[in-house]
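So that the names make sense, note that chain A is the first sequence line, chain B the second, and so on, each numbered from 1. Keep in mind that the numbers below use all heavy atoms, side chains included, and drop hydrogens, waters and symmetry copies.
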Number of protein chains: 2
Amino acid sequence: MKSEDIARLAGVSRSTVSRVINNYQNVPEETRKRVMKVIEEYQFHPNNSARVLAGKKTDTIGLFIVSIAERDNINRIYRNNYFSPFVDAVIDSANANGIYVLVNSIYTIKDYEKIKRAFIERRIDAGIIVGTEKEIDVIADVVSMGYPFSIIDYSPEEVVHRIKKGRVAVINSTDDEGIHRMIEYLAGLGHRDIGILSGRMNTYSGRVRYEAYQKALKEYGLISKKEWVLKGEFIKKTAAQEVLKMINHGKLPTALLCCNDDMALSAIEVLQNEKINIPEEISITGFDDIMPASLVKPALTTVRVPLYSMAQKAVDEVLKMIGDTSDSLNIFNLETELVIRDSCKKIN
Amino acid sequence: MKSEDIARLAGVSRSTVSRVINNYQNVPEETRKRVMKVIEEYQFHPNNSARVLAGKKTDTIGLFIVSIAERDNINRIYRNNYFSPFVDAVIDSANANGIYVLVNSIYTIKDYEKIKRAFIERRIDAGIIVGTEKEIDVIADVVSMGYPFSIIDYSPEEVVHRIKKGRVAVINSTDDEGIHRMIEYLAGLGHRDIGILSGRMNTYSGRVRYEAYQKALKEYGLISKKEWVLKGEFIKKTAAQEVLKMINHGKLPTALLCCNDDMALSAIEVLQNEKINIPEEISITGFDDIMPASLVKPALTTVRVPLYSMAQKAVDEVLKMIGDTSDSLNIFNLETELVIRDSCKKIN
DNA sequence: CTGAAAGCGCTTACAG
DNA sequence: CTGAAAGCGCTTACAG
């Protein structure tokens, strides 16, 4: 079944069928109805390739999930607590707007070429990327070719610096405020020795969270001891090693601020294995508020990142940009929220 | 940049460029090299729509995630522990084979039409569906139109009954054996009063797990009391209500077999809120082995469903079927595995 | 081994 | 308001 068949059955030309499908105004109601009836009767849907080739949009956006650090892991992004809900949310939002989502995983630097390729092959109208570290070149390229992009968790300064023309949206959360509130909370509980289990510094959120920690400590007149600055890279295993090293090293801080929940969960596990009680002997905090955070014992005090809203925003912005060819650079910072649960304790 | 440009630059015709791209054998090595050089120099990739329109595959598969019962939930599949890893795994496997994945969520019966539409619009070569309940009509339709499909968690009998021609693969796990081993394990611990928190009976795995429970009880000479048969529908909230009802009703069983981990987690939460100790006062078991299962306290004894392998299998089979136009109906049952942790206790 | 040409199924400027 | 025709960028049977 093709538009020609519909045309014949409705007694019009293919042009008219096309006009009906594309909602042209200059089709008399009567004709439109006649054509629509045939279309519905035969459940006709135009061949997308033909439409695209003739100049229509693909009505598809590409979602690119970067997971380079995990590439040696057999399970790779499988079991990744952070990305999964994000993927779901993007699909959800896009589908709700009648837009298809082509999802791609990126495990190596070379995989970045897949992004450009998807555009050159004309498979997608726009892209959303999450998990990029410093590899923004391909994005800059694609954007300069005229394709819109939403970038999640990336330095706005760098985007401004690297991307001079085109359509981009940068979507972050207010991680600095989140960390600030957390330190404020811990300081309020009487903590003065607050360690940090930092994330990957190649990552925007990794840097922001770390810097916000340093800044907030100063603000509250606290000092960050070198042996309490642990480099966890956002990875459970690395985090576990760092925490174990700290335990073996000697004195513990009274609180350990972990830069994501995955690492916090890992820290809790290691500490409990070593018979160190949480929160009695050490308070632990996380960041992100992934699902298991509320399930562990003690339930994790953390900062909620509005992943779902961020995904929604990314989709909304990208769709807006598809509809408007003028250059634009929009930066969004969605609100984080302190979630107090049971992993921190007041001290004297 | 289009194939015509490449042709001009390489001093050949478009036909030859196309032959090079499509690996035709009758192109002399020298010519091939010359063309390839230009292609690489300009990073040329053929317009996919044009290729598809000319008769090539889309190199894209559609992944359809059904989540009808959750449609009133604001978060919908967001936070769904079961599907997320599956989605990741499918994307992973497909991408590794150079295949794109178009992911669609299905929340209403009407949404099922999206499946047919994706094929009619020629966006995908094949489909994978997960989460279907009784709605197999559209799949039967699409398969009879000649498109291959992998179906996850569905009754093989029903597929055989409903789909008479076409290419289908059904991928399940050996949930019956999983339940059997679990009952065997519980019986071995001395449990004689084993309740069940059942899943959704419209679901294949929901039925299999429930029936396997009944059968295993008989085998071990145990009886299933009516007030210990709880209908949880695979949903946390419903499960919580059922468990609470049981608690208020009076005597508890010594063990409660939950038909998925989500419900088990929910049960644990409710029981602990009511100051009922696990596993001292009641043993709890789950099914699936989702991530939080190992994180809760007590860590959940459960049955691992090989989701990653199932996703992989679904992709492999669908790709095979794309390459082979002969009718086929293949049924796979991947092995489940008993995972013993801390939520069950030996009794006298 | 290779090019000219037809054809895939649409859309849309053009002419009426 | 509407149809005939050109064009989108490929692939491939055909002819040489």
Practice task
Could you give me the stems involving DNA chain C, meaning stretches of three or more consecutive Watson-Crick or G-U wobble pairs whose two defining distances are both below 3.5 Å?
Solution key: C:1-3 with D:14-16, C:5-12 with D:5-12, C:14-16 with D:1-3
Separation between the [atom1] atoms of [N] and [M], rounded to whole Å:
{"N": "C/dA13", "M": "C/dG9", "atom1": "P", "value": "23 Å"}
{"N": "D/dT2", "M": "D/dA6", "atom1": "P", "value": "22 Å"}
{"N": "D/dG16", "M": "D/dT12", "atom1": "C1'", "value": "16 Å"}

Problem - Closest-nucleotide ordering on DNA chain D, the 5'-leading residue of A/R34 and A/A50 - result: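 Of the two residues, A/R34 wins.
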Problem - Atom-to-atom span, CZ of B/R122 to P of D/dG9 - whole angstrom - result: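 Interatomic distance, CZ of B/R122 to P of D/dG9: 22 Å.
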Problem - Nearest-0.5 Å distance, CD1 of residue A/I91 to CG of residue B/N104 - result: 8.0 Å
Problem - Sugar-phosphate, base or nothing in reach of A/N22, heavy atoms under 4.0 Å - result: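 Sugar-phosphate, no base atom in range.
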Fill in the blank from the handout: Nearest-nucleotide check on DNA chain C, B/L53 vs B/S13; residue mapping nearer the 5' end is B/S13
Fill in the blank from the handout: Note: for B/T31 and B/A54 on DNA chain C, the residue whose nearest nucleotide lies more 5' is B/T31
Handout entry: Lys/Arg N to Asp/Glu carboxylate O, B/R117 vs B/E113, below 4.0 Å
Key = no
Problem - Test log, rule ring-ring contact (aromatic ring centres under 6.0 Å, His included), inputs A/Y147 and A/F119 - result: CA-CA 8 Å; A/Y147 299 109; A/F119 282 104; 4.5 Å; yes
